[in-house]
Novice: 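One structure, pasted below without further comment.
Lettering follows sequence order; numbering is per chain, from 1.
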2 protein chains.
Amino acid sequence: MSKQKELPLLEAETSAPCCEPLAEHSISTADAIALAPAFKSLGDPIRLQLLSQIASAPEGETCVCDLNVGFDVSGPTISHHLKVLREAGLIEGERRGTWVYYTAVRERMSALAGLLVTGPAAV
Amino acid sequence: MSKQKELPLLEAETSAPCCEPLAEHSISTADAIALAPAFKSLGDPIRLQLLSQIASAPEGETCVCDLNVGFDVSGPTISHHLKVLREAGLIEGERRGTWVYYTAVRERMSALAGLLVTGPAAV
DNA sequence: CCTCTAGATTGACAGATCTCGAAACAGAGG
DNA sequence: CCTCTGTTTCGAGATCTGTCAATCTAGAGG
């Protein structure tokens, strides 16, 4: 509970797992520790659906009021999952008046995808 | 209460979230339940490192005896993490004589990557 | 200023996960 | 057959996670 408050993913250029595939060469322990929380945040069905719903919104943003419908969990639980996704850097929230709107951070999603892909160059 | 006990990932190819990006359109609850365990299996630093080490092996396979070095956890723990990765369909193990060799399942890794990628057309 | 609604936070509890030591299993070799 | 080494499986304990009820905060509108 002391090392996944940080999101050094974007700033990981020090050892730089931003776009370098996992399969390129073995990643360091530090990189693994930095990256694991992001994947872990995707490891819950509700969060996966939330991210998908936010990322697939036509306007690019989704109101939390729209997210509450369609999930059979309570409001606080949705809020909790949104917080996890927020801390993983996968979404960002903005309050406009009464409602809160969330947008997906495409770069972060692509960065994670880049880690898993065997590589377009490898094909 | 409990909706994450199953791991029907291997048969998730029937409802086919194989390469369709999350951000294309909102995924179903069933697909989310099928996919989440795969991401969850990547949500541990040790498993991330194990997969990276296996996938980046020059010969395409890695002996468990080589995996034991470099990790400060016990043998059974390594074996447990390998089992999780195996059940997630990310690696496959083969016993040859005394030793067991693991290979990475590239298609599965690419499939997960395809879910996260924003898409070349969507940029 | 007061009230009302939308979200977020807190506290608590059941269930899952990580980790290890001990034991079991699989081959190789004597 | 017996033993030895490498790997997996089997409990068990400590920690983490998902969920909800209750409470709190931010802004809108009277």
Novice: Among all residues two or more places apart in sequence or in another chain, which pass the side-chain contact (heavy atoms from CB on, under 4.5 Å) test with A/T98?
Specialist: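 A/T98 satisfies side-chain contact (heavy atoms from CB on, under 4.5 Å) with no other residue.
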Novice: By side-chain contact (heavy atoms from CB on, under 4.5 Å), which residues pair with B/A104, not counting sequence neighbours?
Specialist: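 Partners of B/A104 under the side-chain contact (heavy atoms from CB on, under 4.5 Å) test: B/L51, B/I54, B/A55, B/R106, B/M109.
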Novice: How does protein contact run along nucleotides 7-14 of chain C, one letter per nucleotide 5' to 3', with B for base contact, S for sugar-phosphate only, - for none, heavy atoms under 4.0 Å?
Specialist: SBB-----
Novice: May I have the distance from B/L42 (atom CG) to C/dT17 (atom C1'), rounded to whole angstrom?
Specialist: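 From B/L42 CG to C/dT17 C1': 16 Å.
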Novice: For B/F71 and C/dT19, what is the distance between atoms CZ and P respectively, to the nearest whole Å?
Specialist: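 Those two atoms, CZ and P, are 11 Å apart.
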Novice: Quick one: closest heavy-atom pair of A/D44 and B/A36, and the distance?
Specialist: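 In terms of heavy atoms, the two residues are closest at C-CB, 3.8 Å.
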Novice: Please collect all disulfide (SG to SG under 2.5 Å) contacts where either partner lies in residues 73-102 of chain A, sequence neighbours excluded, each pair once.
Specialist: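 Listed once each, the pairs would be none.
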Novice: Tell me the interatomic distance from B/I46, atom CD1, to C/dC20, atom C1', rounded to whole angstroms.
Specialist: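 The answer, rounded to whole Å, is 12 Å.
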Novice: Show me the pairs that pass side-chain hydrogen bond (donor to acceptor under 3.5 Å, both in side chains) and involve residues 51-63 of chain A, at least two apart or across chains.
Specialist: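 Listed by first then second residue: A/E61-A/R96.
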Novice: Which whole-number value in Å describes the distance from B/E94 CD to C/dG27 P?
Specialist: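 The distance from CD of B/E94 to P of C/dG27 comes to 12 Å, rounded to the nearest Å.
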Novice: Could you list the cluster mates of B/Y101? Members are the ILVMFWY residues connected by side-chain heavy atoms closer than 4.5 Å, either directly or through other members.
Specialist: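 Grouped by the 4.5 Å side-chain rule, B/W99 form the rest of the cluster around B/Y101.
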Novice: Going by number, which of residues 47-58 of chain B have a non-hydrogen atom under 4.0 Å from DNA chain C?
Specialist: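 Hits under 4.0 Å, by residue number: B/R47.
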Novice: Can you see which heavy atom on B/V84 is nearest to which on B/S41, and at what distance?
Specialist: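 Heavy atoms only, the tightest pair is CG1-CB, 3.9 Å.
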Novice: If a pair satisfies disulfide (SG to SG under 2.5 Å) and one of its residues is in residues 24-96 of chain B, list it, with sequence neighbours excluded.
Specialist: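 Residue pairs with at least one partner in residues 24-96 of chain B: B/C63-B/C65.
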Novice: Between D/dC16 atom C1' and A/K40 atom NZ, what is the distance in whole Å?
Specialist: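 After rounding, the gap between these two atoms is 7 Å.
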Novice: Restricting to side-chain contact (heavy atoms from CB on, under 4.5 Å), what partner residues turn up for B/V64, sequence neighbours left out?
Specialist: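 side-chain contact (heavy atoms from CB on, under 4.5 Å) check on B/V64 returns B/N68, B/L82, B/V100, B/Y102.
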Novice: Separation of B/E87 atom CD from C/dC18 atom P, in whole Å?
Specialist: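 The distance from CD of B/E87 to P of C/dC18 comes to 12 Å, rounded to the nearest Å.
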Novice: Roughly, in whole Å, what's the span from OH in B/Y101 to P in D/dT7?
Specialist: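 So the two atoms are 9 Å apart, to the nearest Å.
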Novice: Roughly how many Å is it from CD1 in B/I91 to C1' in D/dT8, rounded to a whole number?
Specialist: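 Going from B/I91 (CD1) to D/dT8 (C1'), I get 13 Å.
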